[in-house]
Amino acid sequence: MAPVRASKRGMALAVLAAVFAAAGCTTAFEQQLAEAELLRVEAAAAGAEWLQTGALLEQARDEAAGGDMDAARALVDKARFQGEAALRQAEHEASAWQNRVVQ
Amino acid sequence: MASKIKVKAKLSGDLAEIKSLMLHPMETGSRKDPDTGELVPTHHITQLTFTNNEKTVMVANFSTAVSKNPYFSFSFSGAKAGDTLKVSWIDNKGATDELETVLK
Amino acid sequence: MDVGRRLLLKAGVAFAALAALPRTLLAAAWPEKAFAATEAGAAMSTLFGTNQATPSAEIKLKVPEIAENGAVVPVTISTTLENVESISIVVEHNPRPLAASFEIPAGTLPNVSSRIKMGETSDVIAVVKTDTGIYSTSKQVKVTIGGCGG
Amino acid sequence: MKNSAAMLLLSLVPMLTQQAAVAGPEDDREAFVEYFQSRFPDVAFAEFANGIYAIDEDARGQWLDIEEFPPYEFAVEQGETLWQEALPDGARLADCFGQSTGDIRPAYPRFDAGRGEVVTLAVAINDCRQTQKLPVWPYDSEELISITAYLAYAARGKPVVTQIHADEPGALAAYEEGKRFYYSKRGQLNFACSDCHVTSVGLHVRADRLSPSLGHTTHFPVYRSKLGTVISLHQRFSGCVRDVRAKPFALQSEEFRNLEYFLSYMSNGLEFNGPGARK
């Protein structure tokens, strides 16, 4: 499984690069958005993405496009928190699941 | 697609036990389409009729409160092998379906 | 255990699909007004001319105590009353309380089963009309809101 | 003497390791069965094929009423029609499968050593479509699900016999992946499958009682009264994952196929009784 994980991570970095390139990486918001997106992709690669992270980022983009940067940033923060939490969860579960196996 | 009515009949002596199931959405008119957000119009079977050799043995009047894909069962006496049982329904849009079966 | 397996026994009745033919018999008109009534009493008055039904222990109403799913509540009604003309199902707290009404010609047993929808916890009333009057019995069915359903 | 004993021991080593490869799943399964039997001592083993209705009397009565004439019979009928249907070149779906109709469902999920992955019945049907140069069916399509309903019906009463061959390390790895998935917490609610369906089995989540995992795979596909349609096991997986607020995997994804492999193995010895009816 390890090679698969690694290639997914590689893909994640490629996606991030693409996001930065597309965004031109000019504003702080765009960078925050890209980071939150990377966390989401990493969590997905670990098979641990939460249900609404993608939608939060989508909404954040919409709010930013509509000019409401406060709302956009709040949504990015939420998505970022979810991405981090999902990754922590996956890390913890890498061994913790074994304690639940019916003996 | 086969008929949208299914019937099972069990004959014991002159007693026929009839079970029926039909495919129908039975829309109440108060459900929203998840895609469009608009109310789905009322669409339901109003009357389900059973005849045995042309004699009416049951008329079931339904509201929208009968479950989707309605089930209905009942029994009648005076039946014998070879009788022709006919099931038919009509809905509030005027659509109909019908099924004939021979008791055995 | 065997309940599942006997379901589709092919020995029963051979049935054939017919093309939709014009309907021949329509015993009585669909009681539109009674079905439109928004209160149980009004539905009964419209259907029977009275909303007074005599409680009867001779009517057996089988419903679940707690509906697994309010969209599919199995209901079975049977009675030992004689000369039954119709059996109706009334769900007191449904927006349109009259759920179904079955006309019982002579020779047909006063014993029917169906599945109905219930919006919330409510009394379900089985109403039996005979040549001597209107009789009923009722039972409460609890309807809860579920989430998973595995 | 000593020497030959050592030789004998040495010669046993490969055998022992080979056995260990299958002893793992079998030990898991025995512990799994024992757990549910001790939680529900009054429920006979065979009854676990009936899911929640093995342990909930009031719900069971309603289920039996539905089973009097279950709406999935339309799907079984449609599935049979599609199964028998002659294709333009005269071939039939059945031609892809060597077994008699009733033996097809029990042959899946299986580990395909050549492909190095778990093949489920739905995947095998679509593979067949491809060899017949026909477009594959989406995994949530009425056609595909109704065929699985028909094949499930044809297999009623046959035992679940999920195989993990000792000489296929990939099979054990797939099983272990499924097991890891089953016991791993995921989603915003931080639940593992086992949290609900092992630890809290029989308890209520809002108005729902949690069904035992022993027997989870025997009765699919199932007619859901709530939806008015027949759904696949993977659609149910997807629903559960969504319920714990994690992003669901695709139907027939590797994750879900491995999970199906693990859960099917846990249900070995029960009888197939699909399609089922659920609220």
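Order of the sequence lines fixes the chain letters, A, B, ..., with proteins taken first and strands second; residue numbering starts at 1 for each chain.
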Chain D contact via Q98(A) - side chain, backbone, both or neither, heavy atoms under 4.5 Å | neither

Is the Lys NZ or Arg CZ of R186(D) less than 6.0 Å from the centre of F181(D)'s six-membered ring, within 45° of the axis?
-> yes

Output for pair (E30(D) CD, M266(D) CE), nearest 0.5 Å, gives 10.0 Å

Note: E91(A)-R88(A) ion pair, threshold 4.0 Å (strictly below) | no

What part of S184(D) gets closer than 4.5 Å to chain A, counting heavy atoms only: side chain, backbone, both or neither?
-> both

What's the verdict on side chain to side chain donor-acceptor pair (under 3.5 Å) for E47(D) and Y53(D), showing C-alpha distance, side-chain angles and the deciding distance?
-> CA-CA 8 Å; E47(D) 269 295 315; Y53(D) 305 121; over 6 Å; no

Best-contacting candidate, A173(D), G187(D), A192(D), S194(D), against chain A by heavy atom pairs under 4.5 angstrom = G187(D)

With a 6.0 Å cut-off on ring centres, are Y261(D) and Y265(D) close enough?
-> no

Quick one: what part of E49(A) sits under 4.5 Å from any heavy atom of chain D, side chain, backbone, both or neither?
-> both

Side chain / backbone / both / neither for D195(D) at chain A, heavy atoms under 4.5 Å | side chain

